[in-house]
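Along the sequence shown, the residues carry numbers beginning at 1.
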Amino acid sequence: MVLVPDYIDIRYTLTDRYGVDSPEPNDQLESITGVITMQVADGEAQPIGELSLARIDLWEHDLDLFEVLDAESSEWAAYWPALDEVAGDGVDFRHILICDRVQISEQARGQQIGLHALARAIRTWGEGALVVLFASPTDGEERDPEQLRAARA
């Protein structure tokens with residue numbers, strides 16, 4: 001059964017670790033999670049997905065961006081070459097917003113809800129930020145290169 005929503009809502013939880021006196025590099029980021037809900041007709045709002053973001057303040061004193069990325073996730077370390085290149089161009093951003101994951105339940109897929117939720121999250125959390133993400137399905141299925149290109153598109 002495909003669910004068609006009347007409206008979408010996202011409830012965010014922010015773990016703000018700025019200013020925490022910690023030797024861990026990834027304690028220099030804000031972890032943002034969101035629960036995506038929808039309401040169908042006059043029913044109760046029901047959860048249909050989640051998203052995960054992180055925001056790094058580039059103006060933090062003694063920030064080693066590569067260490068922060070690598071400490072949080074080996075996947076995030078792959079952002080480093082592009083971020084280093086942009087930083088070398090003299091672009092001055094306040095934050096980096098990492099769009100890590102968007103997961104939508106199977107019955108709510110095919111209606112661009114994930115894209116809508118991600119766009120709204122970027123508008124909410126991305127002001128003054130350089131936004132980075134890998135566009136890729138994460139459903140665990142093995143895909144050949146042509147399928148992967150189509151899925152990323």
Item checked: Closest approach of Leu58 to Phe93 (non-hydrogen atoms, all atoms of both residues) -> CD1-O, 3.6 Å
Checklist line | Expected output: side-chain Arg94 to main-chain Asp57 donor-acceptor under 3.5 Å | finding: no
Item checked: Aromatic ring pairing Phe134/Tyr79, orientation class (parallel under 30°, perpendicular over 60°, tilted between) -> parallel
Note to self: Quick one, His95 and Leu97 - any side-chain contact, counting heavy atoms below 4.5 Å?
What the structure shows: no
Next item on the list: Go through the side-chain N and O atoms of Asp70 and Trp80 and say whether any donor and acceptor fall under 3.5 Å apart.
Entry: no
Note to self: If the test is side-chain contact (heavy atoms from CB on, under 4.5 Å), which one of Asp64, Ile96, Leu83 qualifies with Leu69?
What the structure shows: Leu83
Note to self: Could you check whether atom CZ of Arg11 has more than 12 heavy atoms from other residues, nucleotides or ligands sitting under 6.0 Å from it?
What the structure shows: no
Notebook entry, point to check: Any idea which heavy atoms bring Met38 and Ile8 closest together, and the distance?
Noted result: CB-CD1, 3.8 Å
Margin query: Going by side-chain hydrogen bond (donor to acceptor under 3.5 Å, both in side chains), name the residues that satisfy it together with Gln112, two or more places apart in sequence or in a different chain.
Written below: none
Check: For Asp100 and Glu75, which heavy atoms make the closest approach, and how far apart are they?
Finding: OD1-OE1, 4.4 Å
Check: Looking only at heavy atoms, which two atoms of Ala54 and Leu29 are closest? And how far apart?
Finding: CB-CD1, 4.2 Å
Next item on the list: Search all heavy atoms of Cys99 against all heavy atoms of Ile122 and return the closest pair with its distance.
Entry: SG-CG1, 3.9 Å
Note to self: Between Ser105 (side chain only) and Ile48 (backbone N and O only), is there a donor and an acceptor less than 3.5 Å apart?
What the structure shows: yes
Checklist line | Leu14 reachable from Val35 in the ILVMFWY side-chain graph, under 4.5 Å edges | finding: no
Check: If you look at every heavy atom in Leu51 and Ala121, which pair is closest and at what distance?
Finding: CD2-CB, 4.2 Å
Notebook entry, point to check: Hey, which of Ile32, Leu53, Val132 is the one that makes side-chain contact (heavy atoms from CB on, under 4.5 Å) with Ile98?
Noted result: Val132
Margin query: Quick check for you: to the nearest 0.5 Å, what is the distance between Arg109 atom CZ and Gln107 atom CD?
Written below: 9.0 Å
Checklist line | Ile104 and Ile36, any side-chain heavy atoms less than 4.5 Å apart | finding: yes
Notebook entry, point to check: For the atom pair CD (Glu72) and CD1 (Ile56), what is the distance rounded to the nearest 0.5 Å?
Noted result: 8.5 Å
